[in-house]
Amino acid sequence: MGSPAWTRKEGKNPKGGLNAKGRVSYKAETGGTLKAPVKAGNNPRRASFLARMGGMPGPMEKNGKPTRLALALRAWGASSKQDAKSKAAAISNRNK
């Protein structure tokens, strides 16, 4: 048997993150659970993700193409790491 779908192209969403097949594969392989992304609104999961990913090291582009980090941030509504941090702070403040 090959590697799990979440580590291969078929389990990844071309716009960033994992697709449904990738999330199911991750659960079967590791026992963990991954929820679908929250792409808009004031959900605390969105704020947490944006804050965490806004602090990740690494480039936003490689060889002229966006990296998986850049794609994930865009999918969750941020255009850059700095934008992700500021949106996370704004969402957290609104949820207080």
*Asks:* So, taking the atom named NZ in Lys65 and the one named CG in Leu71, what distance separates them when rounded to the nearest 0.5 Å?
*Replies:*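 Result: 11.0 Å between the selected atoms.
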*Asks:* OH/Tyr26 to OG1/Thr33 distance, rounded to the nearest 0.5 angstrom?
*Replies:*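 Reported to 0.5 Å precision, the distance equals 8.5 Å.
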*Asks:* I need the Leu73 CG to Ser80 OG distance, nearest 0.5 Å.
*Replies:*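 That separation rounds to 8.0 Å.
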*Asks:* Quick one: do Asn19 and Arg23 satisfy side-chain contact (heavy atoms from CB on, under 4.5 Å)? Show the steps, please.
*Replies:* CA-CA 6 Å; Asn19 58 25; Arg23 289 190 300 273; 5.5 Å; no
*Asks:* Show your working on side-chain contact (heavy atoms from CB on, under 4.5 Å) between Ile91 and Arg46 and close with a plain yes or no.
*Replies:* CA-CA 8 Å; Ile91 292 168; Arg46 182 170 179 241; 3.4 Å; yes
*Asks:* Roughly how far apart are Leu50 CG and Asp83 CG, rounded to 0.5 Å?
*Replies:*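 Output value for this atom pair is 8.0 Å.
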*Asks:* Is it true that a side-chain atom of Ser25 and a backbone atom of Lys21 form a donor plus acceptor pair closer than 3.5 Å?
*Replies:*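 Judged by distance alone, no pair lies under 3.5 Å.
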*Asks:* Measuring only between side-chain heavy atoms, which start at C-beta, is Leu34 closer than 4.5 Å to Lys27?
*Replies:*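 A side-chain contact under 4.5 Å is absent here.
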*Asks:* How close do Ser79 and Met60 get, heavy atom to heavy atom, and via which atoms?
*Replies:*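 Ser79 and Met60 have their closest heavy atoms at O-CE, 4.1 Å.
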*Asks:* Where the side chain of Arg74 meets the backbone of Lys15, is there a donor-acceptor pair that is under 3.5 Å apart?
*Replies:*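 No.
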*Asks:* Which heavy-atom pair separates Ala47 from Ala88 by the least distance, and what is that distance?
*Replies:*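 It is O-CB, 3.3 Å.
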*Asks:* Would you name the heavy atoms of Arg68 and Gly17 that are closest together and state the gap between them?
*Replies:*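 Closest pair (atom of Arg68, atom of Gly17, distance): NH2-O, 2.8 Å.
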*Asks:* Do side-chain atoms of Asn42 reach the backbone of Arg94 as a donor and acceptor pair under 3.5 angstrom?
*Replies:*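 Not confirmed, Asn42 side chain does not pair with Arg94 backbone.
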*Asks:* Going by heavy atoms in the side chains, are Leu18 and Asn13 under 4.5 Å from each other?
*Replies:*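 The answer is no, as the side chains (C-beta and beyond) never meet within the 4.5 Å cut-off.
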*Asks:* Give the minimum heavy-atom separation between Lys87 and Gly77, together with the two atoms involved.
*Replies:*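 That closest heavy-atom pairing would be NZ-O, 2.6 Å.
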*Asks:* Of the non-hydrogen atoms in Trp6 and Gly22, which two are nearest, and what is the gap between them?
*Replies:*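 Where Trp6 meets Gly22 most closely, the heavy atoms are CB-O, 3.3 Å.
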*Asks:* Below 4.5 Å, heavy atoms only, C-beta onward: do Lys81 and Leu69 meet side chain to side chain?
*Replies:*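 Contact flag for Lys81/Leu69 side chains = yes.
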*Asks:* Taking side chain as C-beta onward, heavy atoms only, is Trp76 less than 4.5 Å from Arg45?
*Replies:*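 Of all side-chain heavy-atom pairs linking Arg45 with Trp76, at least one is under 4.5 Å.
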